[in-house]
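Following: one structure in structure tokens, then a few remarks.
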Amino acid sequence: MQPDREDTETKTIDLLMRSGPLTAKELAERSGLAPASVTGLVDRLERKGFVRRVKHPTDKRRILVEHRPEKLAELSALFEDWGREVHELYEEFTTEELETVTRFLVGSARRQRAAAARLTEQNP
């Protein structure tokens, strides 16, 4: 099953936000995508205004891909209502209940990553 384009784009932006600027090769390594797929992905994200290509600060032969925080800030207003509603939901739970939910979600995510890694190892 191939990931949806929007999912891949969202995950790439998240990766760039967490890691900082990366080369296309680094994006391919960290995302598991083929280098040719990363080129198309970066082209799409650049056209949409979410990333830009910049010169590497120490190696002028290389190009880095970085996210554009100003573009992402434009989207934040779209999520204000949702953020407020989620905050209201949090208030319905005790700290202990939220710690239990958090423990479940972290454990679930860890197992999901391990399962994905096993699938990748079995089907390179």
Side-chain angles (χ1 to χ4, degrees):
M1 174 188 276
Q2 295 242 331
D4 179 84
R5 267 188 171 189
E6 288 182 9
D7 290 343
T8 303
E9 291 173 2
T10 302
K11 289 176 185 175
T12 301
I13 292 168
D14 180 62
L15 179 61
L16 291 169
M17 289 173 64
R18 287 184 289 113
S19 302
L22 299 170
T23 64
K25 180 181 178 184
E26 292 167 331
L27 274 173
E29 290 169 351
R30 294 184 187 197
S31 67
L33 295 171
S37 297
V38 169
T39 300
L41 169 65
V42 172
D43 288 346
R44 285 194 313 276
L45 289 172
E46 192 171 41
R47 278 193 303 274
K48 293 177 180 183
F50 290 110
V51 302
R52 64 180 150 239
R53 289 175 168 101
V54 296
K55 291 180 181 177
H56 193 282
T58 59
D59 184 346
K60 300 303 180 196
R61 297 167 295 167
R62 295 182 356 173
I63 298 293
L64 294 171
V65 179
E66 65 181 13
H67 80 285
R68 294 185 58 213
E70 66 276 10
K71 178 65 174 182
L72 298 175
E74 293 174 14
L75 299 176
S76 66
L78 300 173
F79 296 96
E80 286 177 7
D81 290 342
W82 177 79
R84 186 179 58 256
E85 291 167 359
V86 169
H87 182 74
E88 291 168 1
L89 176 64
Y90 291 156
E91 302 220 348
E92 295 177 17
F93 295 88
T94 66
T95 299
E96 292 80 19
E97 289 172 325
L98 289 172
E99 287 170 348
T100 300
V101 169
T102 300
R103 195 174 77 239
F104 170 79
L105 292 173
V106 168
S108 177
R110 187 177 302 119
R111 286 166 177 81
Q112 183 179 15
R113 283 191 299 274
R118 286 191 302 272
L119 287 173
T120 302
E121 290 169 3
Q122 293 171 4
N123 301 304

Got a second to check how far T100's OG1 is from F104's CZ, nearest 0.5 Å?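 Taking OG1 in T100 and CZ in F104, the distance rounds to 11.5 Å.
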Going from CG on L72 to CD on E70, what distance comes out if it is rounded to the nearest 0.5 angstrom?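 L72 CG to E70 CD: 8.0 Å, rounded to 0.5 Å.
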When you compare the side chain of [Y] with that of [X], does any pair of heavy atoms fall below 4.5 Å?
X	Y	answer
T8	S37	no
F93	V101	no
L75	F50	yes

Give every residue pair that meets the salt bridge (Lys or Arg N to Asp or Glu O under 4.0 Å) criterion with at least one member in residues 40-49, sequence neighbours excluded.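 For residues 40-49: E9-R44, E9-K48, D43-R53, E46-R53.
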Got a sec, which pairs hit salt bridge (Lys or Arg N to Asp or Glu O under 4.0 Å) with one end in residues 84-97, sequence neighbours left out?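 Of all non-adjacent pairs touching residues 84-97, those that pass salt bridge (Lys or Arg N to Asp or Glu O under 4.0 Å) are D81-R84.
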Side-chain polar contacts of residues 17-27 - donor-acceptor pairs under 3.5 angstrom, sequence neighbours left out - could you list them?
| from | atom 1 | to | atom 2 | distance (Å) |
| --- | --- | --- | --- | --- |
| R18 | NE | D14 | OD2 | 2.8 |
| R18 | NH2 | D14 | OD2 | 3.2 |
| S19 | OG | L15 | O | 3.1 |
| S19 | OG | R30 | NH1 | 3.1 |
| T23 | OG1 | E26 | N | 3.0 |
| T23 | OG1 | E26 | OE1 | 3.4 |
| E26 | OE1 | T23 | N | 2.8 |

Is the closest basic N to carboxylate O distance between E74 and K71 below 4.0 Å?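 Salt bridge: yes.
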Minimum-distance pair of heavy atoms, taken over all atoms of [X] and [Y]:
X	Y	answer
R52	E66	NE-OE2, 2.6 Å
P57	L64	CD-CD1, 3.7 Å
V38	S31	CG2-OG, 4.4 Å

Give a yes or no on whether L105 and L89 share a hydrophobic cluster (residues Ile, Leu, Val, Met, Phe, Trp, Tyr; joining criterion: side-chain heavy atoms under 4.5 Å apart).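 No, it is not one cluster - the side chains of L105 and L89 are not joined through contacts under 4.5 Å.
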Going only through I, L, V, M, F, W and Y residues with side-chain contacts under 4.5 Å, is there a path from Y90 to W82?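 Yes, same cluster.
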Checking R111 side chain against G107 main chain: does a donor-acceptor pair fall under 3.5 Å?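 Pair found, side chain donor or acceptor close to backbone of G107.
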